[in-house]
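See structure below.
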Amino acid sequence: DGRIWLTLNVGLAELIREPESGRVRFRMYTRRHGLTHDAPNTMAEDGAGNLWLATETTGAMRLARNGFTTWSMEDGVVAGVTFVEDRKGDLYTIALASEPRASADFPRYRFGRVAESGFEWFVPPMPFSFGWGIAAIQTQEGDWWLTGSEVVFRYQSTPGLIDTRNAKPKRVYGTKDNLPYGQAMHLLEDSQGGIWVSTWGPTWGVSRWDPARERWNNMVGMPGMPTWQGATPRVLAKDTAANVWIGFNTGVARYRNHRFDFFGSGKSLPPGRIVSIYSGHDGCLWLGSSEGGLIRVDDAASEQPRFRTFTTAQGLSSNVVEAITLD
């Protein structure tokens, strides 16, 4: 495929030519990326395009053609936060990053579009500013909603997130619009086009943007929602029946038929914060607990869902489950 690789006494180097600028740079691979030896001797490509490396003391290694690609400090990535995909299929990271070739640059939060040669970094112009809660979603209509410092930014419908790099938001929502004071943390669009946002601050909050009335409704205090201040919303998700689920420090709340049902830790659920939620295609819902393992929710849309817990006793390597996805 025309890619050029070099073996060095400090690792493996890939020569990368950036298509837009034509600039050439090296991406380094070392033990940190999975090499078993610092100085591979020779290389060969097999019929499937995999790269084989020979070493003096640790045997052979295979670099899978379609295996993992790692971006790290060499590419400007200091810390990855999250990923988001637009309707075109482009993938973006939101990360603490610096431009890898800008010597005077310093790490800050940026959006990065994943490209063949690394990331195309950008930040929308003022008044946009990152907060410490970082989330972005594209709605069914194509609008972009981004969390900022104590506010929520809404951008005009565009094909890609990168189109916001030179755009002004069409609306900025804050306390004047009935959002609770605090840092906006998580975003979710429901089946009616409503936007849910959780906030952390002096008091936690969960609010929903009503697209028909174009206003924010405070969901805290509704029957079925936890009342303890330390509850703290951790994650928002939808099940296959379009019900909204909210993971809290103290359990999980479900919004169904315009009302909430709360299932508490230590009662319906094992102890621990609910920090991740994944909706399976088969109608099951999966919950990740900070200390109680993995919870499968059967009949998630029924009046009384059934919860089944998996822990290290059932084969998990840890009872801390921070992220769930489907392979």
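Note that the coordinates shown come from a computational prediction; the quantities given were computed from them, not determined experimentally.
A salt bridge does not link D298 with R308: every distance from a Lys NZ or Arg NE/NH1/NH2 to an Asp or Glu carboxylate oxygen is 4.0 Å or more. Contact check on D163 versus R165 returns no salt bridge, with no Lys/Arg side-chain nitrogen under 4.0 Å from an Asp/Glu carboxylate oxygen. Look at K170 and D143 and you find a salt bridge, because one of the NZ, NE, NH1 or NH2 atoms lies within 4.0 Å of a carboxylate O, short of that distance. At a threshold of 4.0 Å, the pair R87-E141 does not count as salt-bridged, since none of the basic side-chain nitrogens sits closer than that to a carboxylate oxygen. Of the charged side-chain nitrogens involved, at least one lies within less than 4.0 Å of a carboxylate oxygen, so that D177 and R171 count as a salt-bridged pair.
Within 6.0 Å of OH in Y181 there are 12 or fewer heavy atoms belonging to other residues, nucleotides or ligands.
With no hydrogens or angles considered, no side-chain donor-acceptor pair links D210 and W216 at under 3.5 Å.
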- Hey, mind stepping through D46 and W52 against side-chain hydrogen bond (donor to acceptor under 3.5 Å, both in side chains) and telling me if it holds? CA-CA 7 Å; D46 66 19; W52 289 79; 2.8 Å; yes
- Message: Using ring pair (Phe, Tyr, Trp, His ring centres under 6.0 Å), reason through W144 and F153 one step at a time and then give a plain yes or no.
- Response: CA-CA 8 Å; W144 284 98; F153 296 93; over 10 Å; no
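Residues F307 and F263 bring their aromatic ring centres within 6.0 Å. Between W245 and Y255, the distance separating the two ring centers is not shorter than 6.0 angstrom.
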Just distance, no hydrogens or angles: give the donor-acceptor pairs under 3.5 Å from side chains in residues 230-238, sequence neighbours left out.
residue, atom, partner, partner atom, Å
R234, NE, N249, OD1, 2.7
R234, NH2, N249, OD1, 3.3
K238, NZ, E189, O, 3.0

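Among residues two or more places apart in sequence or in another chain, the salt bridge (Lys or Arg N to Asp or Glu O under 4.0 Å) test is passed with R108 by none.
A tilted orientation is assigned to the rings of W5 and Y29, their planes being inclined by 30° to 60°. Classification of the F248-W204 ring pair by plane angle, with boundaries at 30° and 60°, yields perpendicular. Classified by interplanar angle (parallel below 30°, tilted 30° to 60°, perpendicular above 60°), the ring pair F111/F128 is tilted. Ring orientation note: the planes of F260 and W196 are nearly perpendicular, at an angle over 60° on the 30°/60° scale.
Considering CD1 of I324 and CG of L285, their distance stands at 8.5 Å, rounded to 0.5 Å.
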